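Note that this is a predicted model, so its numbers are computed, not measured. Computation of the quantities below employed the complete heavy-atom set of this structure, encompassing side-chain atoms and omitting hydrogens, waters and symmetry-equivalent molecules. Chain letters run A, B, ... following the sequence lines, proteins first, then strands; residues in each count from 1.
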Amino acid sequence: MTNGLNVSHGLNQAQAEAVDTLSGPMLVLAGAGTGKTRVVTFRIANLIRNGTPPDRILAMTFTNKAAGEMQERIGELIGSKKKRNPKRGEAAEPKPTISTFHSLCVRILRQHAPTLGFPKKFSIYDRSDQESLARGILRELRLPGTALKPGDMLAIIGGWKNQSVLPDEAAMSASTDKEHFAASGYRRYQDALRARAAMDFDDLLLHTETLFREHHDVRDAVASLYDHVLVDEYQDTNGSQYRITRDLTFKHRNFCVVGDDDQSIYAWRGADVTHILSFTQDWPDAKVVCLEDNYRSTGAILSMANTLIQYNTERHDKVLIPSRPDGMRPRILQHKDETVEAKLVVSEITELINKKHIQPRDIAILFRTNEQPRLFETELRKANVPYVMMGSQSFFDRREIRDLLAFLKWIDQPDDEISLLRIINTPARGLSNKTVQLLVKRAVERGVPVWQVMQNNAAIADLSPSARRGIAELESLAHDVRERAEHDSLTDAIRTMLERTAYADEIARLYDQPEERDARMASIGDLTNAIGAYQDNSSDPSLTGFLSDIALSGREMGNEKDKMAAKNSVWLLTLHAAKGLEFPYVYMVGMEEGILPHSRSLKSGRDEDIAEERRLCYVGITRAQENLTLSMALTRRKWGKPRPTTPSPFLYEITGKADNPARNRKARKRRLA
DNA sequence: AAATGCGCCTTTTTT
DNA sequence: AGGCGCATTT
């Protein structure tokens, strides 16, 4: 520590090394709980202390939550002033850019989309938009539903996109039947997106990559904005992200990546762990720092994690070294069925909170799939224990939210046909299914968006008067809402929309129970509040901006009440959502074959799929600081019927039960290796 | 044109 | 069990 300016005190030697080297490529291989986040934030702070202008630093994360937290920690470290009523026109204090890949790409594309033949107001299609589109295409191709399901097609297309395989090349990379079908759908899918002025999540990356590849002036302009680029969770980068970061760093070479190959749990969405494993081949002069001292978990928890992960063969061989005492041995509990599992876990939690005065926020329940938490929610509610469910999509799955967002998306971008078709007759306005089909047919014939046909008086002259009235109604509605959004405010716009559609009446019509009505109206209120909050926090609010924000970070949105409660609540998280977090008390539930590892991974039979499930289990275990409980149910209901279960093979691996065939098989393999 | 009814399929994980 | 597409009533 030669530099008087450094802020690295309180770090161990390896951490300090990672923080003190300020330039050139660097790889930080950081195991779970070794202070990875601390290293990244300290490093950024140190760059700033040593004279790098903050706004010349770009740090990339994979979730908005991670970006937000990093922003906060850096603010604390460099002592950025609290923004109290910044005067209009006063230059904002320069800050490092901390962004997810997707947000960064959206920002770039909002500016350069016309170069690629897209309008600046392109829609972002989420999973369900994609599925509607894919369903339509499969229907057009007349592939029977059994041959290729929309989800399958999207997964295959997504894989190609991540590897930058374009529609024309896809047929050549196809080997299975499904892939061949998907290849024929791929071209149509991309054309359909373009016709709807829409991009899916993969496109945000793919189009940015294309933009950089084909327009070096744009690439260089973006790259020259930054002198330092850092990527957290580098093991999660997919092909597009890899190439985008390469384009942003090849000139200045100040590229620092941080990650852990044992925590790579996103291969299914294109993440390629070889990016981190071969970093030193890409950057031969890279400095490599390994962090192996674990400050998070007790020795007993860590030894369990170490034992488990050693069953994976393809990995950097490293062992986490505990810096804490052994602590309590993790427990493995078997329950009669999933209801008992939920009841007992919750009653234990209640006891922890009431008798041992543990804070709810120090307890987490982790699970593999999103259907598992339901029972736990019910029990927690019964026991009056505050809880938050992170990453729950439920808010955006609500019909009323989907409808209102579809309205907004269509009003913002009239070519967005998926959104238009969702709300074209919601609430009913005289446009029957048959009429809609006719309109779509005419649009296809003319090769123009449906909305253009609907606005063409000649094209709709033969429609029933009620249908024409419906179209006129939509038109004036869109006009008024757009006016409001542009000239008044976004909250005015959504209020106008709710009034003009009489959406409250629709809710009253659909739901006859007053509680349900209230709940639905409340979630509409939440959406209105979210728009208000966006408007207050954004320097240049727009409908387009709001919709982008929602698409990219929607699932983190909740109402204010939830946010208050979240400050001290029990956490309910999927294993994926739990990455990067830590809790004194962790319950990993549903430790059964078919759940973890998931049946789809078992079915594929590929070793690397099981290895990823094992890493997922490893991530779960290493979230626990002091107390870990693994539990399973002996029977579990599936599709209504109770079914006997089998313990997760990982339970045997963890405990070292030699008589387990799974372990013997693995052990034999290792001996041979 | 809207409401009701029937059968089918679903269920990984998420930016 | 629940949601959705499709077919049949009202």
Quick one: is [X] getting a side-chain N or O under 4.0 Å of the [N] phosphate, OP1 or OP2?
X: Asn433(A); N: dA2(B); value: no
X: Lys149(A); N: dT10(B); value: yes
X: Thr574(A); N: dT14(B); value: yes

Atom pair distance, as rounded to whole Å: [atom1] in [X] and [atom2] in [N]:
X: Ile550(A); N: dT14(B); atom1: CD1; atom2: P; answer: 18 Å
X: Leu616(A); N: dT13(B); atom1: CG; atom2: C1'; answer: 7 Å
X: Arg399(A); N: dG2(C); atom1: CZ; atom2: C1'; answer: 13 Å
X: Arg422(A); N: dC4(C); atom1: CZ; atom2: P; answer: 8 Å
X: Phe201(A); N: dT13(B); atom1: CZ; atom2: P; answer: 16 Å
X: Arg135(A); N: dT10(B); atom1: CZ; atom2: P; answer: 12 Å
X: Lys161(A); N: dT15(B); atom1: NZ; atom2: P; answer: 18 Å
X: Arg614(A); N: dT13(B); atom1: CZ; atom2: C1'; answer: 17 Å

Open item on the list: Return the OH to CG distance between Tyr618(A) and Asn312(A), rounded to the nearest 0.5 Å.
Closed with: 10.5 Å
Task: Cation-pi check, Arg422(A) onto Phe407(A) ring (under 6.0 Å, within 45° of axis) - done: no
Contact class for [X] vs. all strands (heavy atom < 4.0 Å): base, sugar-phosphate, or nothing?
X: Arg509(A); result: sugar-phosphate
X: Asp126(A); result: nothing
X: Thr435(A); result: sugar-phosphate

Task: pi-stack flag for Tyr266(A) and dT14(B), centroid dist under 5.5 Å, interplanar under 30° - done: no
Which nucleotide sits closest to the side chain of [X]: [options]?
X: Asn370(A); options: dT13(B), dA2(B), dT11(B); value: dT13(B)
X: His598(A); options: dT11(B), dT15(B), dA1(B); value: dT11(B)
X: Trp268(A); options: dA1(B), dT15(B), dT14(B); value: dT14(B)
X: His102(A); options: dT14(B), dG5(C), dT15(B); value: dT15(B)

Open item on the list: Taking the nucleotide of DNA chain B with the nearest heavy atom to each, does Ala428(A) or Thr100(A) sit closer to the 5' end?
Closed with: Ala428(A)
TODO: Between Ser601(A) and Arg429(A), just flag the one whose closest nucleotide in DNA chain B comes earlier from the 5' side.
DONE: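 The residue closer to the strand's 5' end, by nearest nucleotide, is Arg429(A).
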TODO: Measure from the side-chain N and O atoms of Arg110(A) to the backbone N and O of Val106(A), and report whether any donor-acceptor pair falls under 3.5 Å.
DONE: no
- [ ] Applying salt bridge (Lys or Arg N to Asp or Glu O under 4.0 Å) between Arg429(A) and each of Glu473(A), Glu475(A), Glu506(A), report the one that passes.
- [x]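 Output: one option passes, namely Glu473(A).
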Open item on the list: Can you tell me which residue among Arg315(A), Arg615(A), Lys579(A) is in a salt bridge (Lys or Arg N to Asp or Glu O under 4.0 Å) with Asp262(A)?
Closed with: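 Testing each of Arg315(A), Arg615(A), Lys579(A) against Asp262(A), the sole residue satisfying salt bridge (Lys or Arg N to Asp or Glu O under 4.0 Å) is Arg315(A).
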Open item on the list: Glu341(A) and side-chain hydrogen bond (donor to acceptor under 3.5 Å, both in side chains): which single residue from Lys336(A), His335(A), Arg636(A) fits?
Closed with: Arg636(A)
